[in-house]
2 protein chains.
Amino acid sequence: MTAKMREANGARARIEDVAEAAGVSIKTVSRVLNHEPNVRDETRQRVEQAVAELQYKPNLSARSLAGQRAYVIVLVYDNPSRNYLTEIQGGVLEACRARHFSLVLAPVDPDDRNYLPELVDLIDHSRADGVVLVPPLTDDARLLDALQERRLPFASISPRTPEGRFGVTLDERGAVRELMAHLIQLGHRRIGHIKGPPQHGAATWRHSGYREALKLADIPYDAALVVKGEFTFESGVEGARRLLDLPDPPTAIFAANDDMAAGVLRVAGERGLSVPRDLSVCGFDDTPLSRQIFPSLTTVRQPTNDMGRVATEELLKAIRDPESGDMVKMDYALQLRESTGPHRSRS
Amino acid sequence: MTAKMREANGARARIEDVAEAAGVSIKTVSRVLNHEPNVRDETRQRVEQAVAELQYKPNLSARSLAGQRAYVIVLVYDNPSRNYLTEIQGGVLEACRARHFSLVLAPVDPDDRNYLPELVDLIDHSRADGVVLVPPLTDDARLLDALQERRLPFASISPRTPEGRFGVTLDERGAVRELMAHLIQLGHRRIGHIKGPPQHGAATWRHSGYREALKLADIPYDAALVVKGEFTFESGVEGARRLLDLPDPPTAIFAANDDMAAGVLRVAGERGLSVPRDLSVCGFDDTPLSRQIFPSLTTVRQPTNDMGRVATEELLKAIRDPESGDMVKMDYALQLRESTGPHRSRS
DNA sequence: CTGTTAGCGCATTCAA
DNA sequence: TTGAATGCGCTAACAG
């Protein structure tokens with residue numbers, strides 16, 4: 001059966017049909033498709049024309065089978081923040097598409113202590129060429145061990161210990177120092193902090209930034225002004241209540257993420273406190289929530305989409321050449337909005 | 001090379017190795033793996049044991065190549081709501097996993113009028129067995145034509161015209177009637193509405209529900225109380241301003257989704273209106289935002305995750321048997337929260 | 001610079 | 001109820 005007949009039958013063109021149409025061997029077609037060298041320009045063009053005419057699309061299954069590579073990246077995540085994840089996923093997807101890799105999603109239940117067997121099974125089944133790890137899972141030693149054992153390259157997004165790994169980081173401590181400087185410059189000296197859970201690197205960095213900023217401004221650290229949170233709205237509500245019930249309550253509160261900051265705004269609303277007149281509030285992450293809430297939230301923006309994309313690009317580099325793959329430092333940006341204002345002494 | 005040697009080399013077990021270990025032919029192994037009939041129980045068990053011992057995982061590429069099917073579902077979406085999408089995607093993924101299909105994500109830029117060629121290219125490349133369509137794209141005639149032309153089965157989530165299609169629907173009109181009945185029962189008679197954009201079926205249904213509820217309560221429809229929105233926070237802000245600037249402003253506002261309702265709350269805040277004392281507000285969707293805002297939002301919950309899952313299950317049914325595939329009606333649930341309260345006449 | 005050949009691991013005829 | 005042989009469409013040595 002000729003290529004033309006196959007086409008009339010609704011069958012798809014194969015590499016063989018392209019070769020025939022272009023008057024070359026299939027190996028030459030393969031070279032053109034994979035951008036390999038050693039093809040004359042004129043030949044390359046003939047092949048490309050045949051590809052276009054026949055609407056040839058390579059069969060990915062055949063390619064994977066023959067090439068012993070699946071062209072698959074697995075994105076592993078247990079981060080409960082929908083917005084963060086969507087952005088990361090978008091960036092990862094862009095990078096995968098650009099290199100003709102497919103993306104396999106591997107959501108992990110953050111409450112499941114024994115998630116590893118099922119996850120590893122998924123990774124094995126998919127025959128992944130590489131993995132992208134999202135925090136806080138990006139710091140789970142058991143998972144890292146399992147990946148290393150399989151010699152599977154993995155990119156890390158905001159890992160706690162970036163040494164010897166590749167992916168992306170962001171200077172969260174520095175960002176918080178700037179955010180705090182903004183509050184301090186507004187006259188605040190009693191600044192409360194609602195921390196994140198200790199297993200998150202982010203919680204640690206943001207707390208350190210808080211302390212460093214106080215020290216830089218010669219404001220003594222007061223442990224009573226720091227309460228624990230879980231990065232959830234509800235824990236922000238609880239934390240805010242504890243802070244505002246203090247005998248000498250803070251005039252500003254830095255919540256370690258936007259969800260918790262929204263909780264603080266709620267408590268302020270309940271108590272008839274006007275923000276920022278009676279209380280300044282800021283968060284971290286610049287989720288859509290921070291703009292949709294009233295007053296809108298002063299916070300820090302991470303380039304989340306870019307972080308997903310860049311991490312994946314580094315991973316793809318490392319897949320091509322195991323020696324490569326860098327840890328790329330990304331930029332943050334303060335978002336000054338309505339929820340922070342000058343300190344007014346209570347009268 | 002024997003199976004044992006291969007294993008020692010770190011190579012993966014193949015179906016051939018399983019057959020050898022179980023003392024049967026590869027065809028028998030294939031039968032067991034694919035749950036085909038005509039295998040003796042004792043034989044089946046021997047095979048299953050060999051699979052477990054060798055940790056055999058079928059090579060999906062080889063299966064696809066030989067079986068002429070990719071086992072791929074494509075999820076096509078242009079809906080701008082992050083939360084909605086994440087939930088839908090989660091449900092779709094669950095259903096895919098359960099049947100060992102892989103999921104390919106196909107995000108579409110809602111502002112790109114000419115998205116079709118690229119999307120179709122992605123679908124063709126992936127050799128999809130079926131497609132899941134999210135609103136509002138689920139109603140795009142050009143896309144539906146392209147799919148039908150390819151004889152590709154597709155499941156529709158909340159399509160405008162469910163006739164002759166399969167997937168999931170939800171009685172949004174009924175939900176809005178109930179929501180409105182709640183407001184009316186609280187004493188409100190001047191109820192404003194901020195509509196969604198006309199290309200969304202949801203916008204139309206929610207507006208119809210609004211009108212029907214008024215009619216049922218013998219409240220005349222006042223076109224001045226209905227303003228256009230875009231399902232965005234900003235358009236909610238604008239709409240609320242228009243409504244509240246009316247000579248005789250509404251005492252309650254039903255925004256067609258939560259984001260716009262958040263915009264209404266913002267305007268209320270700006271103007272010193274207390275919600276719900278001076279103004280009742282409700283939305284639709286029950287996004288996390290509706291709980292994280294103050295006051296929390298009365299709204300309608302859709303089982304979004306389930307909708308994604310069930311739609312995909314129907315698709316998988318239709319892939320197995322083109323005659324099957326139903327339109328499943330899902331349940332909604334009113335969420336009565338803080339943003340609605342009794343009408344108080346202005347004094 | 002280009003072509004030939006031999007599998008990749010599985011499903012699927014058809015025969016037993 | 002089971003098995004042997006053929007090919008899915010492509011990559012990758014190796015030859016020219």
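No hydrogens, no waters, no symmetry mates; every other heavy atom, side chains included, goes into these values. Chain letters run A, B, ... following the sequence lines, proteins first, then strands; residues in each count from 1.
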Any side-chain to backbone donor/acceptor pair from [X] onto [Y]? Under 3.5 Å, distance only.
X      : Y      : value
B:E314 : B:G167 : no
A:S324 : A:K317 : yes
A:S81  : A:Y84  : yes
A:R31  : A:E36  : no
B:T304 : B:Q302 : yes

Under 4.0 Å: is that the gap between some side-chain N or O of [X] and OP1 or OP2 of [N]?
X     : N     : answer
A:R40 : C:dT2 : yes
A:T28 : C:dG3 : yes
B:N38 : D:dT1 : yes

**Q.** NZ/NE/NH1/NH2 to OD/OE distance under 4.0 Å, B:D17 and B:R14
**A.**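 Judged by the 4.0 Å cut-off on N to carboxylate O distance, B:D17 and B:R14 do form a salt bridge.
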Q) Does the distance from a Lys or Arg side-chain N to an Asp or Glu carboxylate O, for A:E48 and A:R44, drop under 4.0 Å? A)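 Salt bridge between A:E48 and A:R44, a charged N being under 4.0 Å from a carboxylate O: no.
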Would you kindly give the [atom1]-to-[atom2] distance between [X] and [N], to the nearest whole Å?
X      : N     : atom1 : atom2 : value
A:R127 : C:dC8 : CZ    : C1'   : 11 Å
B:D17  : C:dC8 : CG    : P     : 11 Å
A:R14  : D:dG7 : CZ    : P     : 12 Å
A:L65  : D:dG7 : CG    : C1'   : 12 Å
B:R69  : D:dG7 : CZ    : P     : 23 Å

Polar atom pairs between nucleotides 11-15 of chain D and protein, under 3.5 Å, N or O only, would you list them?
from	atom 1	to	atom 2	distance (Å)
D:dT11	OP1	A:R63	NE	3.4
D:dT11	OP2	A:S30	OG	3.2
D:dA12	N7	A:K27	NZ	3.4

Q.
Set out, in order, the CA-CA distance, both residues' side-chain angles and the distance that settles side chain to side chain donor-acceptor pair (under 3.5 Å) for A:R82 and B:T86, then state yes or no.
A. CA-CA 7 Å; A:R82 298 264 177 264; B:T86 316; 5.0 Å; no
Q) Can you tell me if CD on A:E42 sees more than 12 non-hydrogen neighbours from other groups inside 6.0 Å? A)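 Enclosed.
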Q: Strictly below 4.0 Å, heavy-atom distances to any atom of DNA chain D: list the hits from residues 42-50 of chain A, or just say none.
A: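 Heavy-atom cutoff 4.0 Å gives no residues at all.
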Q. What's the closest nucleotide to the B:N59 side chain, out of C:dG9, C:dG3, D:dC10?
A.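 Comparing C:dG9, C:dG3, D:dC10 against the side chain of B:N59, the answer is C:dG9.
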